[in-house]
Amino acid sequence: MKDYAGTWTLLRLAVRLDRVRASAWILGIVLFTTASAQSNNDLYSTPEERQNLAETVETNPAMLALGGRAFDLTTTGGINAYQLVAFMATIIGLMSILMVVRHTRAEEESGRAELAGSAVLGRRAWLASALLLVTGMNLVIAVFLGFGLRGTDLPVEGSWSFALGCAGVGVFFAVVAGITAQLTDHTRSATGMASAVLGLAYLLRATGDAASASDDGPSWLTWLSPIGWAEMMRPYTEEDWAVGLLFVGSVAVLVPAVGVLIGRRDIGSGVLPPSLGPVEASTALRSPLALAWRLQKGSMLGWAIGFVIVGAAFGGVADGMVDVAKDNPDIDELLRDLGGSGSIVDVFLATITSLIAVVVGAYAVQSALRLSGEESAHRVDLVLTASVRRVHWAGSHLTVAAVGSVVMLFSAGLAAGLAHGLNSGDVTGEVPRVLGAALAQVPAVWTLIGLCALLFGLVPRYTVVAWVALAFVLVIGQFGEVLKVDQAIINLSPFTHVPDLPSADFEAAPLLTLALLAGALVAVGLGGFRRRDVA
C-alpha cells in the first residue's frame with residue numbers, strides 16, 4: 001500500500017482547491033438537465049404532440065444522430081431520454097477528463113507533484129486521489145440528477161437509470177484521462193488525446209443511432225460507445241440495468257492498465273517519448289506570432305473539425321424542423337422566442353448559429369487565456385528575455401484567438417450551409433446565407449477576447465471571470481427570453497446585439513459597435529500588461 005501513501009491527504013487538498021469549480025460543474029449539469037426535462041414535459045404535454053414528434057424523429061437519421069436513440073417517444077420520459085442522455089453524458093465525460101488531467105498531468109508539469117513527492121507520498125497517490133475526486137463528483141451528480149428528474153414528475157426507475165448511466169460515462173472517461181495522463185508529458189496533449197476518445201465515442205454513438213432509423217443499418221455501432229451504453233440502459237423504457245455492468249467491467253480492466261503505465265515512467269515524463277525538434281529553429285518561429293501559432297495550431301485544428309461536424313449535423317436537420325414545429329405550436333413559439341421571425345427553417349438556423357457562436361466563444365476564451373497559462377508557468381519570462389516587446393507577445397496570442405474564432409465560425413457556417421443546401425436542393429443560395437449568419441457572430445466573440453485581454457492586463461488573478469461571463473451569455477442567450485429575464489440584463493450579452501440572421505435583416509451598426517468595443521478592451525488590457533509586473 002505504500003504506493004498509495006498520502007492519497008487521502010491529496011484528496012482533501014483537491015477538494016479544498018476545487019470546491020468552487022467542482023460545485024459549479026455539479027450544479028450546472030444538474031440544473032440544466034432538470035430544467036430541460038421540465039421544459040420537454042411542458043412542450044410535449046399531450047399524446048398528440050408526442051406522437052407527432054415520434055413520427056418525425058423515428059425515421060429521420062439526422063435527428064437520431066443529433067439527439068440520440070429513440071426507444072419510446074410516446075412518453076415524456078422517452079422524449080427526455082432521446083434528447084438529453086447522449087448530450088449530458090458527453091458533457092459529464094468532458095468534465096471528468098478536465099478534472100483528472102488537472103489533478104495529475106498538470107500537477108507534474110507544474111513541478112508541484114515532484115515537490116510533494118519529496119515527502120511521504122506514494123507513486124500512485126496523485127492518480128488515485130484524482131480518480132476518487134472525479135468518481136465522487138459523478139456520484140453526487142447521479143444522486144442530484146435522480147432526485148431532480150424525479151421532481152419533474154418523471155418515473156423513479158427511469159430517472160435513476162438516466163442518472164447512473166450518465167455518471168457511468170463520467171467515471172469511464174475519468175479512467176481514460178488517467179491513462180492519457182501517463183502517456184504524454186504535456187497537459188494539452190493528455191487532454192487532447194482523452195477528448196479525441198470522447199469524440200470517437202460520440203461519433204460511434206451518432207452513427208449507430210442514425211442507422212437505427214432503418215432495419216439493415218449498422219445500429220450495433222452504438223454498443224461500441226460508452227455514451228451508447230448510457231442510452232442502452234433505456235431510461236424510462238423498460239430499463240436494462242445489466243448494461244451498467246459494461247461500465248463496471250471496462251473500468252475494472254482499465255484501472256490496472258493505468259497502474260502498469262505508472263510503473264513504466266518517471267515523474268514528470270510520459271510513457272511515449274517526446275519527439276526531438278531540430279537543433280535550430282526555422283524561420284517560421286522567429287516572431288511572437290509564429291510561436292503563438294505553433295503553440296495553438298493543434299487546438300485550433302481539433303476545434304475546427306468539431307465545428308464542421310456540429311455544423312453539418314444541425315444543417316442536416318434544419319428542414320425537418322418544419323414538420324416538428326407544424327405539429328407542435330409550442331416548439332414553434334419557443335424557436336421564435338430564441339431566433340426571431342421568418343420561416344421556421346431560418347428561425348432554427350438563427351437559433352443554432354447563435355448557440356454555435358457561444359461555443360466558439362469557449363474556444364476564444366481558452367485561446368486568449370493561454371496568456372495566463374504561459375505567465376503562470378513562467379515560460380513568458382524566457383520569451384521576454386529576448387528582444388520581444390510585451391505588447392507583441394500578448395498581442396500574438398490574442399491575434400491567434402481572433403483569427404481562430406473566424407476559422408471556427410467559417411467552418412461551422414460552411415458545413416451547415418452545405419448540409420442544408422444539399423437537403424433543400426439550393427446549395428448556391430443557402431451556403432452564402434448560412435455562412436453569412438455565422439460570420440456575423442464574429443464581433444460578439446471578439447468582445448469575449450477583449451474581456452480576456454482586459455482581465456489579463458489589469459487583474460490577472462481573476463481571469464476566471466471570463467469563463468463566468470461565457471456561462472452568463474450562454475444562459476442568457478438560450479433561456480433569457482423563455483425565462484422572461486429583464487431586457488436590461490439580456491442586453492449585457494454581446495450576442496444579444498447580433499442580428500438574428502438569416503431570419504432577420506442585416507444591420508451593420510451593432511456589429512461595428514461590438515468590434516470597436518472589443519478593440520477598446522484589448523487596448524486597455526495590453527496597456528495594463530505593459531505597466532504591471534510579470535508573475
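- Applying the salt bridge (charged side-chain N to carboxylate O under 4.0 Å, His left out) rule to R102 yields the partners D18; only residues at least two apart in sequence or on another chain are considered.
- Listed by chain and residue number, nothing satisfies the side-chain hydrogen bond (donor to acceptor under 3.5 Å, both in side chains) test with R390 (two or more places apart in sequence, or in another chain).
- You'll find the side chain of M233 stays beyond 4.5 Å of the side chain of F162, heavy atoms only.
- Taking 4.5 Å as the limit, every side-chain heavy atom of T222 sits out of range of all side-chain heavy atoms of L204.
- Under the side-chain hydrogen bond (donor to acceptor under 3.5 Å, both in side chains) criterion, the residue pairs touching residues 234-260 are E157-W241, S159-Y236, with sequence neighbours excluded.
- Heavy-atom contacts from other residues, nucleotides or ligands closer than 6.0 Å to CH2 of W229 number more than 12.
- L64 has its side chain within reach of S212: a pair of non-hydrogen atoms, C-beta onward, lies under 4.5 Å apart.
- Between W25 and I91 there is a side-chain heavy-atom pair separated by less than 4.5 Å.
- Listed by chain and residue number, H392 satisfy the side chain to side chain contact (heavy atoms under 4.5 Å, CB included) test with R389 (two or more places apart in sequence, or in another chain).
- Residues passing the salt bridge (charged side-chain N to carboxylate O under 4.0 Å, His left out) test with R150, sequence neighbours excluded: none.
- In terms of the salt bridge (charged side-chain N to carboxylate O under 4.0 Å, His left out) criterion, residue partners of R69 (sequence neighbours excluded) are, by chain and number, D209.
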Using residues 450-469 as the side-chain source, report each donor-acceptor pair under 3.5 Å to any protein atom, sequence neighbours left out, with the distance given to one decimal.
none

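- For residues 393-415, every residue pair satisfying the ring pair (Phe, Tyr, Trp, His ring centres under 6.0 Å) rule, not counting sequence neighbours, is listed here: W393-H397, W393-F529.
- Not counting sequence neighbours, S189 has no partner by the side-chain hydrogen bond (donor to acceptor under 3.5 Å, both in side chains) test.
- Looking at S367, its side chain never comes within 3.5 Å of a backbone N or O of Y363 through a donor-acceptor pair.
- For N138, the side-chain hydrogen bond (donor to acceptor under 3.5 Å, both in side chains) partners at least two apart in sequence or on another chain are S96.
- For the 3.5 Å distance criterion, the side chains of Q38 and T152 fail to qualify, holding no donor opposite an acceptor.
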Could you pull out every donor-acceptor pair under 3.5 Å between side chains of residues 171-180 and any protein atom, sequence neighbours left out?
| from | atom 1 | to | atom 2 | distance (Å) |
| --- | --- | --- | --- | --- |
| T180 | OG1 | A177 | O | 3.0 |
| T180 | OG1 | A190 | O | 3.1 |

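- Listed by chain and number, the residues in a side-chain hydrogen bond (donor to acceptor under 3.5 Å, both in side chains) with Q182 are R265 (sequence neighbours excluded).
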